[in-house]
> 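One structure follows; several queries about it will come next.
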Amino acid sequence: MARGEWVHNGRCSYKRTTLIVCSVNIIVALYVLRSLCTSLYIYSGDYRTVKYTPNQIRKMEEANQIRKASEPTELVKLVTRLKRNFVNEERAVELPQHLRQKLVHEILDRLRSLDSAANATEQREAVESWREEKIKEVQELNRGEYLNSTILPEEARAVARALSSDWSDFSEEIGLWIPLQIINKEHDDKPEGEDEFEEEILPGTKLPPECHGELHTDYDGAAVRWGLTHHKESAYDCCMSCLDHAKRAKPGENKCNIWVYCPSETGCYSPDIYEHKNQECWLKYAETPKLNFKDTYPESYRDSHPNAPVIVPWVSGVMSV
C-alpha cells in the first residue's frame, strides 16, 4: 500500500520518464542533423568559390603572358601558308584534255623523227630531250620571256609540274613505256678487250630472229593458249612457248604462229572485260595474221574508249611454223 502511493504521488512516473527520454533523443537528433547540413553547405560553398591572393593572380597573369609569348605564331602562319600553296599546286597539276593531247602528239612527233632502227636508248634520250626543252620553255613562259609558245601562260604551271615531279605518273597515264636497256656481262672470266654483248631491246634473253618481235604491237588471232593463266618471265620465254606449242600440236590442231606478250609492270590495255597483267603470254593462230593495233591507238578509238592509253603496250611476233 505504501509502494503504490509512492508511484502515484511521487515526482516521476514510468510514463513521464519515457516521454522525457524520447524528447531528449529527438532534440539531440535534430541538433546533429543541423550540424551536418551546416557543414555540407559550408564545404560546397568553399568548393565553388576559390579566392586567390593578389600575388597569386599576378603570377598567373605573368605565366599566361609567357605562354603566349612562347607560342610559335610565325611558324604556324608559315605552315598554314605552305598548306594552302600545296593545295593550289595539287589543283594546278590537273591538265585539261586538249593540253594533254597536245603533249602526247609532240612526244609522238619526236619519236617519229627518229630512224626506224632506233633502239630503246635512243628513243628514251629523244623523249628526255623533248621533256627538258619543254620544261625550259614553260619556265621562260612564266618569266614572260617566251612569246611563241603554244601553251597559255595560265597552263604553264600545270605543264611544268606534270613534266618534272609528276613525270612518272604522267608518262604512265598516257601509256608511254620504253623498255629498259639490259646489257649482260661476263664477270671475271671475260677476256680483256672483248666487246660487250649487243644491246637488248626487251628485258631478258634477246629475241632470236625467228621470233620477229615487234614493240608496241598487238596481233589478232584465235587463242590456242589464254594469257590470263599463261604467264612467262620474258618475251623470249613467250616466243619459245609458241614454238614449243607448234612442235607439239597434233594433226588437225591449230599451231601457234602468233605470240603476244605484256611487258608493262602496270599491265596492258585491251578492250575486253578482263584485266590484263604483267607477263601475260597469249599464244594465237591465224592463217593470215592481221594487226589489231600498231604503235598508238587512233584518236578516234580513244574517243570511244576513254580508258585506252596513247601507246600500244603489247609486244608481239608472227612466226613461220
> Taking ring pair (Phe, Tyr, Trp, His ring centres under 6.0 Å) as the definition, give me every residue that meets it alongside His276, ordered by chain and number, with sequence neighbours left out.
Trp282, Trp314
> Could you tell me whether the side chain of Glu280 reaches within less than 4.5 Å of the side chain of Trp226, counting heavy atoms only?
no
> What I want to find out is whether Arg131 reaches Glu128 closely enough, with some N-O distance under 4.0 Å, to be called a salt bridge.
yes
> Is the backbone N or O of Lys294 less than 3.5 Å from a side-chain atom of His216, with the two atoms forming a donor-acceptor pair by type?
no
> Can you check whether Ser316's main-chain N or O pairs, donor with acceptor, with Thr217's side chain at less than 3.5 Å?
no
> Which ILVMFWY residues are connected to Leu30, directly or by a chain of links, through side-chain heavy atoms under 4.5 Å apart?
Ile26
> Check whether the SG atoms of Cys211 and Cys239 are less than 2.5 Å apart, and answer yes or no.
yes
> Tell me which donor-acceptor pairs under 3.5 Å the side chains of residues 284-292 have, and how far apart each pair is, sequence neighbours excluded?
residue, atom, partner, partner atom, Å
Lys284, NZ, Tyr219, O, 2.8

> Just wondering, do Glu299 and His105 contact through their side chains at under 4.5 Å, heavy atoms?
yes
> Without swapping roles, check the side chain of Thr80 against the backbone of Val76 for a donor-acceptor pair under 3.5 Å.
yes
> Taking atom NZ as the centre, does Lys277 end up with more than 12 heavy-atom neighbours from other residues, nucleotides or ligands that are less than 6.0 angstrom away?
no
> With distance as the sole test, does Glu253 use its side chain to make a donor-acceptor pair with the main-chain N or O of Lys250 at under 3.5 Å?
yes
> Can you list every pair that meets salt bridge (Lys or Arg N to Asp or Glu O under 4.0 Å) and has a residue in residues 228-249, with sequence neighbours left out?
Asp244-Arg248
> Side-chain contact, heavy-atom cut-off 4.5 Å: Glu210 with Ser320?
no
> Looking at residues at least two apart in the chain, or sitting in another chain, which of them share a ring pair (Phe, Tyr, Trp, His ring centres under 6.0 Å) with Tyr236?
none
> Are any of the side-chain nitrogens in Arg110 or Glu133 under 4.0 Å away from the carboxylate oxygens of its partner?
yes
> Flag the pair Lys134 and Glu137 as a salt bridge only when some basic side-chain nitrogen lies within less than 4.0 angstrom of an acidic carboxylate oxygen.
yes
> Using 4.0 Å as the upper bound for N to carboxylate O, is an ion pair formed by Glu62 and Arg58?
yes
> Answer yes if the side chains of Asp272 and Ser270 hold a donor-acceptor pair under 3.5 Å, and no otherwise.
yes
> Specify whether Trp130 and Trp167 have parallel, tilted or perpendicular ring planes, treating 30° as the upper limit for parallel and 60° as the lower limit for perpendicular.
tilted
> Taking only residues two or more places apart in sequence or in another chain, which ones pass side-chain hydrogen bond (donor to acceptor under 3.5 Å, both in side chains) with Arg302?
Gln101
> With Tyr269 as reference, evaluate Tyr274, Tyr297, Phe293 under the ring-ring contact (aromatic ring centres under 6.0 Å, His included) test and give the passing residue.
Tyr297
